[in-house]
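Here is the naming used below: chain letters follow the sequence lines, and residue numbers restart at 1 for every chain. Atom set for the values below is all heavy atoms of this structure, side chains included, hydrogens, waters and symmetry mates excluded.
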Amino acid sequence: MRKGLILVLAGALLAVFALPAMAEFNFSGFIRSEGIVSNYERFDAGTFIPVSTGAESGTTIANPAILTKRLLVVRTDRTAHYAQERSRLRFESKGENVGAVAFFELDFRYGDAQYTVARNQGGGLEADSINLETKNVYVWFKPMPSMTVNVGLQNFTDSYRGIILGYADMAGIFFTGKYEPVDYRFGWAKFGSGNGAGGATFTVPEDKDVDFYALEVHGSPVKNARAGLNLYYIRDSQSTSIASIPSIGFTGVTGLNTAEVYYVGADASFTFNPFTLSGFALYNFGKLKFVPGSTNEDVDIKAWAADVRLDAALGPGKGFIEGLYVSGTESSDDEFKTLVTGSTWALAASFYTTTDMQILLPNIGDINTSQALAYEVSNSGAGMIHVGAGYTMPLMSKLTGKLGVGYLRGAKKLPWSDKKSQGTEVNANLNYNLAKGLDLTAIGAYAWLGDAYDTINGVANDPDNPYKLLARLNYAF
Amino acid sequence: MGSGGKKIRRTGTACALFLFALAILSPTAFSAEYPRRVAIAPFVSLAKEDIQQTVSVLPRLLSSRLMALAGAEVTLLPSGTKSPAEAAKSSGVPLLAQGTVAKLGKGFSIDVTITELESGKVAGAFFAAANTEDDIIPQLGVLAGDISEKLFGVKSAARAAPPAPASAPIAAPTAVQPPVHPAAGLSAASAAAPAPTAPVVSSGPWEPRSIVKVTASDKIPDEVFRVTMGDVDGDGDPEIVAIGRRTIYFYKVKGGAILPFPPVRIARGLEHHFLNVEIFDADGDGKPEIFITDLVNDRLRSFILQYRDGTFATTASDIPHFIVLLSDLEGKKVLAGQSTGLDQIFLGNLHLLNYSKGKVTEGRSIKLPLDDGIFGLNAIPIGKDGKFVYIDVDEHLRLWDGKGKTLSKTKEYFSGARDEVTRGPTTRASTGPANTFIRGRVMPLGGEADNPYLLVRQAEGSTIVRNLRMFKNCRLVIGKYDGGGFSVKTSSETMENLITDAYPLEEKGGRGAIVAATVLEETSSAITTPASRLFLYRVQ
């Protein structure tokens, strides 16, 4: 693998230097500031479990052994209010056949800290913090007119609305192109490298990596339709990283050796005015292997997911309704039936947001505060059944409004409860375009909690229903 | 000093007096050049007869002639409660022109006084005499020449030329028979049907030397991004059809002026976004259709209008294509379209479009790399291999062969697009929603049949922060491919406001053209009211 990698990189460099240099430079970005009032968001990210008393944010639920979800006291008298800011800066140098992209981000909360060296901080008096985060740095080039190669730290989203990998930054090499009548994407990325100690100290032996491979082919079999076949493979031999899989029924994960995870599926979309019907189905299989001599037997992965969505131009606006099913694991199962998502290896690598929820699921517009009842679709191992709908319409010149509603439940019982229903959300937003690139948005969301939160590990629980109000100013340039 | 000295003194004094008299009496006594910015108040009729209809258009006619002859910036003052001087001062111009028309016997006297507003002094007084009411307008041209020379220091040949007939100063182009080709891509009624009044590239050694602004319309309270011209009502005078985001505006070019043309405007709902407008007789019935590309909630639903019984009727709708008019594909004008993609704003090949009996159908497709949108594309044969010119996503002008392979790409930027289509939210992989700027067009403008001159807009702005779309100046350019790439032959004056689109119409004999252009004066925001104007240029 290493020799092959070196050859590919050498070829890429040769291609770059051989091509004529007549580059343009483009700088774009945004600055986003928002104020939040919420009885549950605590400037944190991930799944939260609402409780009425006791544990505060940061405390993790310890049962089952490797389920690490944060308990949050959700009470109206504990409403938080704060402001935060994010900026993204994208630099692109591009020529006819070659270019480079560098993409950075910086975030902070108003008044958090100053003179620090840390990400997501630096909004205190005097600021002066080192907090620039690198999202992407990669080269792209066209070895032939119909193919583009991206080499470096880049962004990838799967063909399943991001339920496995949603806008995930990864270092790798990907090829995209067209080969009539289809277009394709294939490539490789390394999620983890080394002995599992975060890559800072790298030791031999070599087989301690997490590698991702992808192959996608899409085409238009008939007019106004598009369909694709997608194959993904993740191999994890880091063993310690697998500890974060929210498994049910295991007494522990000691002795894990490798995880071989395959995904095979299809996605399609079809337009018949004024509707567009789209969806996907995938099967996730593979094996969790334990070291020889372990008391645990190898476990088969058998999970699946399906989604269908209808978009429609209705009157002056557009609406949608979408349903998602992701399988889950019950304590009695001897197979792992929970979809293995990218969030196994990094928070928010799986990012499903197409129903535009604010509380049930994460939202595409989240900055650093990004908490949800189900932050990723494996949903604490229980899988999920989710239905969401929304309608967006222009209300007047430069003012757009949107209403949304959604429902969430586990496909199986949640690990802390013998119930499945997690909640129903309603949300709304108004967006006003002040000037070119400058938008002011007001968002509100409220969720009625389901019976899955009536008890936590058998203890009665009565949190308030979570809500969030947000005012956001965004300038894109 | 003796008698010789006396002689010298007398001679010197006589010379001084002579020079003084010369200065006083010289027609160039008014040759002090004033800034070429003047407001014109409504003319006053002093005649007993009712000639108000003629008198009311005189300010506009004087305005267009001053713009043409001296390049002056003219503000037409409305009649209202404010005095002309107050109205002129508030519009910020230094000069005010006030005119009267008096009838003396059978003739008319047109008198114009120009006042310097700051000092209140008279900068100049001018007059012209007309034998009849019909003669007033041509004499106004002489008057305008007089003002241009004496006040602005611009000598023009227009003063010496005999007055042009007032009936048709800008004529609609002659209906020229296009080359006869098999009707591929057009389902015309017959190949022998009367040719549409559409400009074709005329062969013959014609060389554009100048692009001069002739006149301007009133202010349009909208951001107007696209314009086209054609004789939609068949009266010989061209109409201008321009589009804002969701409003279509109609004007007529008549008598050297751009006049509102009833119904003046057609507006649609908030969910609409007009992207393009074309005029073309697609079904060969002799009556041109107006094709409006309309994006409704992320979906292309274009429609067609036709002028009937004094208004514009919709003859077809719900057309899922961005519609463009290709100037010369295999020898003739054809309609072409591109559809909205499922996940992308524009996707797919170019399809030739047929229109007949109120229905648009797809003809053959041509594979071109149009993922960045069809709107920067025109079919113009250039040289042996050049088939298409295209303003690409970075706003360089490209010459393509028949398969979309680039034969030439300019280093300069053209078009200056500002109108955009956005789709989807800002994701974690991006800095904003996916946006596509609707780039401008390249139009042929006479010259050799296999290598015509090309009219295109050029705007100078930030090439680094390109999404801001801030341009510091703009102009129309006419250029040509001449072996060394695309070279600019002539251009209009550079202006600070953005010219958002331009469309030419060749004049009789193909020796010139008029160009309608849309100019954005103020963009739309929460604190500003949008404003645009239509400009008419003459290419000579």
S.K.: Show the numbers, then the answer: is there a salt bridge (charged side-chain N to carboxylate O under 4.0 Å, His left out) between Glu92(A) and Arg466(B)?
M.R.: CA-CA 11 Å; Glu92(A) 182 172 13; Arg466(B) 308 201 67 216; over 6 Å; no

S.K.: With a 4.5 angstrom heavy-atom cut-off, which part of Asp392(B) approaches chain A: side chain, backbone, both or neither?
M.R.: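 Neither the backbone nor the side chain of Asp392(B) comes within 4.5 Å of chain A.
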
S.K.: What distance separates Ile464(B) CD1 from Phe25(A) CZ, expressed to the nearest 0.5 Å?
M.R.: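 Spacing of CD1 (Ile464(B)) from CZ (Phe25(A)) equals 6.5 Å.
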
S.K.: With chain A, which of Val465(B), Asp318(B), Thr340(B) has the greatest number of heavy-atom pairs at distances under 4.5 Å?
M.R.: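 Of the candidates given, the most pairs with chain A belong to Val465(B).
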
S.K.: Select, from Thr528(B), Thr523(B), Asp298(B), the one with the greatest count of heavy-atom pairs under 4.5 Å involving chain A.
M.R.: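 Top count of heavy-atom pairs under 4.5 Å with chain A: Asp298(B).
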
S.K.: Within this structure, what is the CG-OG distance for the pair Leu438(A) and Ser525(B), rounded to the nearest 0.5 Å?
M.R.: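 These two atoms lie 9.5 Å from each other.
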
S.K.: Might you point out which heavy atoms bring Ser430(B) and Phe103(A) nearest each other, and give the distance in Å?
M.R.: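 It is O-CZ, 3.7 Å.
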
S.K.: Is it the case that the side chains of Ser524(B) and Lys398(A) hold a donor-acceptor pair, with the cut-off being a distance below 3.5 Å and no angle test?
M.R.: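 Side chains of Lys398(A) and Ser524(B): pair found under 3.5 Å.
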
S.K.: Should the pair Lys436(A)-Glu420(B) be classified as a salt bridge under the 4.0 Å nitrogen-to-oxygen rule?
M.R.: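 Yes, this pair counts.
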
S.K.: Between Met396(A), Arg90(A), Lys135(A), which shows the greatest number of heavy-atom pairs under 4.5 Å with chain B?
M.R.: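 It is Met396(A).
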
S.K.: Got a second to check how far Asn297(B)'s CG is from Met393(A)'s CE, nearest 0.5 Å?
M.R.: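 Those atoms lie 9.5 Å apart.
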
S.K.: Which value, rounded to the nearest 0.5 Å, describes the distance between Asp394(B) atom CG and Lys94(A) atom NZ?
M.R.: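 Answer rounded to 0.5 Å: 4.0 Å.
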
S.K.: Where on Tyr432(A) is there a heavy atom nearer than 4.5 Å to chain B: the side chain, the backbone, both, or neither?
M.R.: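 For Tyr432(A), the side chain is the part near chain B, not the backbone.
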
S.K.: Using non-hydrogen atoms only, which part of Phe477(A) is less than 4.5 Å away from chain B: side chain, backbone, both, or neither?
M.R.: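 For Phe477(A), the contact with chain B is made by backbone and side chain together.
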
S.K.: Under 4.5 Å heavy-atom distance to chain B, tell me which part of Asn474(A) shows up: side chain, backbone, both or neither.
M.R.: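 When you check distances to chain B, no heavy atom of Asn474(A) falls under 4.5 Å.
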
S.K.: For chain A, find which of Arg301(B), Glu362(B), Lys405(B) contributes the most heavy-atom pairs closer than 4.5 angstrom.
M.R.: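 Option with the top pair count is Glu362(B).
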
S.K.: Measuring heavy-atom distances to chain B, does Leu395(A) have an atom under 4.5 Å in its side chain, in its backbone, in both, or in neither?
M.R.: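 For Leu395(A), the contact with chain B is made by the backbone alone.
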
S.K.: Taking every non-hydrogen pair under 4.5 Å, which of Ser278(A), Ala348(A), Pro145(A), Ala476(A) racks up the most with chain B?
M.R.: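 Highest number of pairs under 4.5 Å: Ala348(A).
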
S.K.: Pick from Arg398(B), Lys367(B), Arg245(B): which one has the most heavy-atom pairs with chain A under 4.5 Å?
M.R.: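 Sorted descending by pairs with chain A, the first entry is Arg398(B).
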
S.K.: Return the option, out of Leu468(B), Asn467(B), Thr427(B), with the maximum number of heavy-atom pairs under 4.5 Å with chain A.
M.R.: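 The answer is Thr427(B).
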
S.K.: Any chance CD of Glu496(B) has more than 12 other-residue heavy atoms, nucleotides or ligands included, within less than 6.0 Å?
M.R.: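 Open: at most 12 neighbouring heavy atoms sit under 6.0 Å from CD of Glu496(B).
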
S.K.: I need the His396(B) NE2 to Glu24(A) CD distance, nearest 0.5 Å.
M.R.: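 One gets 3.0 Å once the value is rounded to the nearest 0.5 Å.
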
S.K.: Between the side chain of Arg428(B) and the main-chain N/O of Asn155(A), is any donor-acceptor distance below 3.5 Å?
M.R.: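 No, because the side chain of Arg428(B) does not come within donor-acceptor range (under 3.5 Å) of the backbone of Asn155(A).
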
